[in-house]
Amino acid sequence: MEYITLTVDGQTVQVEKGKTVLDAIQAAGIKVPTLCYHPELRPEGACRLCVVEVKGAKTLVASCVAPAADGMEVKTNTPFVREARRTALELLLANHPNDCLTCERNGNCELQTLAHDLGVREVRYQGPKRSAAKDASSPAIVRDPEKCILCGRCVRMCGEVQEVAALGYVGRGWDTMVLPLFDRGLAEVACVNCGQCTTVCPTGAITEKSYVDEVWDALGDPNKHVIVQTAPAVRVSVAEALGMPVGTIATGKMVAGLRRLGFDRVFDTDFTADLTIIEEGHELLERLNSGGTLPLITSCSPGWIKFCEHFYPDLLPHLSTCKSPQQMFGAVAKTYYAEKMGLKPEDIYVVSIMPCTAKKFEAQRPEMTASGVADVDAVLTTRELARMFKEAGIDFATLPDEEYDAPLGISTGAGAIFGATGGVMEAALRTVYEVVTGETLENLDFTEVRGLEGVKEASVDLNGKTVKVAVAHGLANAKKVLERIKAGEGDWQFVEIMCCPGGCIGGGGQPIPVDREKRAARIKAIYEVDASMPMRKSHENPAVVTLYQEFLGKPLSEKSHELLHTHYTPRPRF
Amino acid sequence: MSGCACGNSGPQYPELEEILARYAGQRGALIPVLQEVQAAYGYIFEDAIVRIAEALGIPATSVYGVATFYAQFHLKPRGRHVVRVCQGTACHVRGAAKILAAVEKELGIKPGETTEDLRFTIEPVACLGCCGLAPVMMVNDDTHGRLTPDKVAEILAAYE
Ligand code: SF4
Ligand code: SF4
Ligand code: SF4
Ligand code: FES
């Protein structure tokens, strides 16, 4: 690796050749303001907030796009630089609604923080404000173009990391906007509702659609039995959303907090994650034994499902017919649990706490009414739950640890790892191995499928028969695997695909900001949860065993098919 | 491929397919393709954007972005006759607003719009550069100067 040497504010720094001036500045431990730059996206150089002086250059240099060169002398904090930055920011603010008090991102907005940090106390320019309607067509994502500063981060996230390209620049000059194709609503284009755009937008221009008010209404309704399920990834991120360190495990506090919000029962999506493993594991074995469509591809991630429906409809037969754990929970809660409680499905209100915005869409799919009514009534993200805790005045950090309610709150470590990329695969292998071999699995950790590498492959020996598997997370990575399947090159039998980078812990409903390090910390926490569980294999979950004995019969039974399996619909690419 | 249920086989837009066949897979050919499509059809329609995206292997949002960025591309069908009413300073002083209002009233459309019978399009324009004749409007390549609102209807009637 070739290195170059430059000075930043008098400090000598060495960086690899090919790095940018911004990289060098950061290597020197100095922070320059940025807005259109995002560490995980290709730099675009649109906002000019990151300008610096470079000796010999005629104009100020946008450091996020300028390549660092040997011998460069960079100054980040001169009167000229400060004035240019402040002017760039004030010009943005001149066209901005400045609605901070009522804005979703109030307190967590990069534009707001920069205005504060750069000492903007008055805006010297008055510009026309953009007037454009909010787009609330999608059940998951709301666009508020008036707050858009045209940084293009969402465009790059959607186009490069997810390769969906639902958003793009439209028009030119003052009329430029960032819009879905043909200026349609997000619900009318091939958006998969992954919410990754919401995690990179520096402002309140793209956010999740909130259902907090609906949930407060249900909690206040004495005629409703309101129950909640929490997804695996939320327990390792809700504390982060409330200002505690990244990777804090807060399962017990979260359960306690949910009780204090007034939920009648606090249950766990990990329970139906275990159930998913039983159904999907048997589906895999059936396909292996009867010459079914292979590889079998996992179906827990609703953003991935919609992506497949839009862009790879010919691969839909590969998808597992299993519903996601969220929807299995809704279906079981409003049938089995309702019967046990002597309640009608319509008397139960099921709330999901998810790391995911696509789950909001999934819950509203017309297929998801196995109980006769919507199986899941409202889906909140981790961020929305954190907001409810704040609104209720709950001091999260001082809550005691409490336990989930039985029976739908009983789970294993296998259910917990659904929250990380590779987790569904690992959980399935733990069960499939023991079902096929009849032997006890000694080492439960399938480490080849763990971690943040984009595509992971492994093979597992099942009584002399080798099963080849692949794991992909983030849709651009998924595409690589899918293209190989299409070309007949991937000889895998089982493939896990998660829509979001890192899996659910990197979901579109998770705390903002997020980067690779934070994803890694959340993943580490997930495996700690797994390791600390008394049971770590789905088929050992006693509540799942009882559910089969009392209600479902056996895996893939008629009743299972009716409640726990679904079908998919090809959708247009455009 | 956008299919239809009418029972006719063959591509829906043969000229478009012919253009795309010559550029297939060439990502850099977007601008010439858009120009040829506009020359063939008079404007760039949504199905064409989708097909161009598929044929060149780029996202439809990018094709749409480029098509809306350049003023030379039209995304709506255009009338047989294009009317431009000068809004420059000289014309403004001499009552251009009234001329434009008369054109809008006569045709029942606003600048940027096209009449339903595809006869006229009003194109928004800043200055036509013949200030000596203010107020001025152009219909296609014909300049009509020293206008008064009451002359508008008669001028437009001459364009079938
Ligand atoms: S986007 Fe940021 S700056 Fe704009 S109104 Fe919301 S909080 Fe304030
Ligand atoms: S939700 Fe996902 S697919 Fe939809 S616009 Fe945002 S990034 Fe793109
Ligand atoms: S919506 Fe947000 S991320 Fe997208 S361009 Fe606008 S400000 Fe940037
Ligand atoms: S952060 Fe460098 S130009 Fe926007």
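Per chain, numbering begins at 1; letters A, B, ... match sequence-line order. Basis for what follows: all heavy atoms, side chains included, without hydrogens, waters or symmetry-related copies.
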inquiry  = So which residue, A:Ala165, A:Gly168, A:Ala166, ends up with the most heavy-atom pairs under 4.5 Å with chain B?
reply    =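 Heavy-atom pairs under 4.5 Å are most numerous for A:Ala165.
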
Open item on the list: Using every non-hydrogen atom in the two residues, find where A:Phe574 and B:Ala60 come nearest and quote the distance to one decimal.
Closed with: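 For A:Phe574 versus B:Ala60, the nearest heavy atoms are CE2-CB, 3.3 Å.
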
Interchain contact, A:Ala190 with chain B, by part (heavy-atom threshold 4.5 Å) =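 Neither the backbone nor the side chain of A:Ala190 comes within 4.5 Å of chain B.
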
#### Entry: A:Phe182 vs B:Ile49, side chain to side chain contact (heavy atoms under 4.5 Å, CB included): CA-CA, chis, key distance, verdict
CA-CA 10 Å; A:Phe182 302 141; B:Ile49 288 180; 3.7 Å; yes

- request: Would you please name every residue forming a side chain to side chain donor-acceptor pair (under 3.5 Å) with A:Gln196, sequence neighbours left out?
  value: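 Listed in chain order: nothing, the list is empty.
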
* Asked: With sequence neighbours left out, what residues match A:Ala62 under side chain to side chain contact (heavy atoms under 4.5 Å, CB included)?
  ->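 Side chain to side chain contact (heavy atoms under 4.5 Å, CB included) list for A:Ala62, sorted by chain: A:Arg48, A:Cys50, A:Val65.
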
Could you pull out all residues at least two apart from A:Val161 that satisfy side chain to side chain contact (heavy atoms under 4.5 Å, CB included)?
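Counting only residues at least two positions away or on another chain, A:Val161 forms a side chain to side chain contact (heavy atoms under 4.5 Å, CB included) with A:Leu41, A:Met157, A:Pro501.
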
Enumerate, by atom name, each donor-acceptor pair separated by under 3.5 Å where one atom lies in chain A and the other in chain B.
| residue | atom | partner | partner atom | Å |
| --- | --- | --- | --- | --- |
| A:Ala165 | O | B:Thr61 | OG1 | 2.9 |
| A:Gly171 | N | B:Thr68 | OG1 | 2.8 |
| A:Arg172 | NE | B:Phe69 | O | 3.4 |
| A:Arg172 | NH1 | B:Phe69 | O | 3.4 |
| A:Asp183 | OD1 | B:Tyr64 | OH | 2.9 |
| A:Asp183 | OD2 | B:Tyr64 | OH | 3.3 |
| A:Arg184 | NH2 | B:Glu46 | OE1 | 3.2 |

